[in-house]
Amino acid sequence: MKLLEVKNLKKNFGSLEVIKDLSFSVEEGKVVGIIGPSGSGKSTLLRCISFLEKIDSGELLYMGESAVTTGTDGRANYAEKEKLRQIQRYFGLVFQNFNLFPHFSVIKNVTDAIITVQKKPIDEAMETGRELLDKMGLSDKVDAYPWQLSGGQQQRVSIARALATKPRMLFFDEPTSALDPELTGEILKVIRGLADDNMTMIIVTHEMNFAKNVADYIIFMDDGLIVEEGPPKMLFENPQNGRTQAFLNKFVS
Amino acid sequence: MAWQIMVYKLSEGMLESIKIYTLTLIFSLPLGLIVALCRMSKNWLLRNFTKLYISIMRGTPLILQLMVVYFGPYYIFKITLPRGYRFIAVIIGFVFNYAAYFGEIYRGGIESIDSGQYDAAKVLGYNKAQTFMRIILPQVIKRVLPSITNEVITLIKDTSLAFAISYPEMFTVAKAISAAQTTMLPFVTAGIFYYIFNLLVAYTMEWIEKKMSVYR
Ligand SMILES: Nc1ncnc2c1ncn2[C@@H]1O[C@H](COP(=O)(O)OP(=O)(O)O)[C@@H](O)[C@H]1O
Ligand SMILES: [Mg+2]
């Protein structure tokens with residue numbers, strides 16, 4: 001089953017065309033890696049499919065349910081608020097710079113949304129929160145505040161926070177880019193663990209080895225377009241497009 | 001006049017000052033939040049009207065504003081207001097003036113919050129009101145607390161401006177006794193009272209700031 005379908009997505013900022021015409025889909029349980037040079041529109045794409053930016057035209061479907069359609073006038077039409085709110089529960093987003101809530105303790109960061117938004121009973125939410133933090137290796141940090149944690153720990157909290165709402169798919173925007181190199185490993189390990197549990201994921205990353213090993217499918221983006229896509233083995237070992245080759249060459253060391 | 005009587009009368013005045021102080025804060029602290037939100041509204045008229053209100057409140061003397069609120073209804077509209085209006089005028093004057101200052105402080109705080117906080121809240125499903133009340137506002141309050149402390153300390157001294165419309169708060173009382181007895185003693189005593197009040201407020205604010213220092 002396709003958990004996400006993106007069709008002919010276009011997004012402009014004023015006169016700047018950031019996403020030009022982009023289509024792809026994600027099957028349940030699969031991991032899609034998105035790579036590409038900085039400024040190519042990867043973050044914007046994730047923000048569009050997370051409803052943080054309004055798209056200009058195209059279609060977005062989640063679990064077969066339509067969130068955005070585009071009529072003959074070429075303008076994007078969003079579904080009604082209630083529908084979007086329901087669809088929003090299908091996905092979670094992990095940010096490059098975590099965006100934890102600094103005034104909440106670790107456990108509150110993880111549980112507040114499910115208590116406030118999803119109206120889960122508090123003890124049930126706490127149980128979920130503790131389990132997730134345990135899984136992230138943070139059981140001793142439950143009552144700490146974000147500023148007391150390392151970047152890697154903060155990112156693990158933010159992954160737990162995203163998982164707490166029980167999304168069907170998770171989007172990652174360069175989850176290790178804000179971390180010191182020695183801390184990226186712990187985050188990649190966590191994401192690899194999620195992949196082993198068959199979590200459906202879209203991961204924007206500059207960690208080429210990681211993308212190669214974890215992703216089922218790679219999309220190479222440049223200048224708001226998908227330049228090349230395919231299984232990692234094919235894309236990394238035998239890239240067809242000159243731009244893909246040039247981009248990948250920068251990572252060979 | 002025996003000094004006990006003087007202290008007693010000043011204490012009565014002090015009670016009035018505290019009344020003005022407390023009511024002003026109770027109304028102007030929340031009202032300031034509304035001012036901040038109107039000032040940042042997408043509605044052109046509302047935004048610019050609020051801007052004008054703030055600039056008048058900050059650009060003219062508070063003492064003049066008090067006089068306009070108190071004497072205005074009579075001189076402009078020929079309305080005679082009941083005797084209790086003096087107190088109401090004091091509160092209206094102070095609340096509207098302080099709400100403007102608090103509004104600008106809150107606005108600075110709100111604008112300093114990283115947009116990523118809104119993004120995270122939205123993806124987690126918080127609606128606008130929940131995002132503001134649970135995620136944004138607590139961080140804003142923590143950030144603006146030092147500026148708020150400045151204002152609430154200034155307000156103690158500002159309550160004495162109610163003498164302009166002869167409201168019997170402590171300074172007005174001190175002035176009256178001093179004039180009748182030709183002595184400076186009431187002013188010195190009132191000064192000491194204001195200072196003690198100040199210390200209590202400063203201590204309270206410090207305590208609140210410490211309480212909030214667990215997070216950043
Ligand atoms: N809110 C915005 N307003 C205007 N331009 C933006 C905005 N966000 C991103 N852009 C522009 O869109 C382009 C793509 O940015 P981004 O999606 O962040 O790329 P990437 O994540 O691949 O580095 C860049 O040229 C960037 O300057
Ligand atoms: Mg980016």
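Order of the sequence lines fixes the chain letters, A, B, ..., with proteins taken first and strands second; residue numbering starts at 1 for each chain. On a predicted model such as this, the values are computed, not experimentally measured, just so you know.
- Contacts from residues 102-138 of chain B to chain A, taken as heavy-atom pairs separated by less than 4.5 Å, involve B/Asp114, B/Gly116, B/Gln117, B/Asp119, B/Ala120, B/Ala121, B/Lys122, B/Val123, B/Leu124, B/Gly125, B/Tyr126, B/Asn127, B/Gln130, B/Arg134, B/Ile135, B/Pro138 in sequence order.
- Proximity to chain B is limited to the side chain of A/Thr165, based on heavy atoms less than 4.5 angstrom apart.
- Environment of CD in A/Glu27: crowded, with over 12 heavy atoms of neighbouring residues, nucleotides or ligands closer than 6.0 Å.
- No more than 12 heavy atoms of other residues, nucleotides or ligands lie within 6.0 Å of OH in B/Tyr8, so this atom counts as exposed by the packing criterion.
- With a 6.0 Å radius and a threshold of 12 heavy atoms from other residues, nucleotides or ligands, B/Phe163 has its CZ atom above the threshold.
- The environment of A/Lys83 atom NZ is dense: over 12 non-hydrogen atoms of other residues, nucleotides or ligands sit within 6.0 angstrom.
- Around atom CZ of A/Arg75, no more than 12 heavy atoms belonging to other residues, nucleotides or ligands sit under 6.0 Å away.
- Only the backbone of A/Leu100 comes within less than 4.5 Å of a heavy atom in chain B; its side chain stays farther off.
- For A/Phe95, the part sitting under 4.5 Å from any heavy atom of chain B is the side chain, from C-beta outward, and nothing else.
- Counting non-hydrogen atoms of other residues, nucleotides and ligands closer than 6.0 Å to CZ of B/Phe71 gives a total above 12.
- Using a 4.5 Å cut-off between heavy atoms, A/Lys81 makes no contact with chain B at all.
- For A/Arg89, no part lies under 4.5 angstrom from a heavy atom of chain B.
- The contact between A/Phe104 and chain B is made entirely by side chain atoms (from C-beta outward), counting heavy-atom distances below 4.5 Å.
- Within a 6.0 Å radius of CD1 in A/Ile122, no more than 12 heavy atoms belonging to other residues, nucleotides or ligands are found.
- Summarising the local packing, NZ of B/Lys142 is surrounded by more than 12 heavy atoms from other residues, nucleotides or ligands at distances under 6.0 Å.
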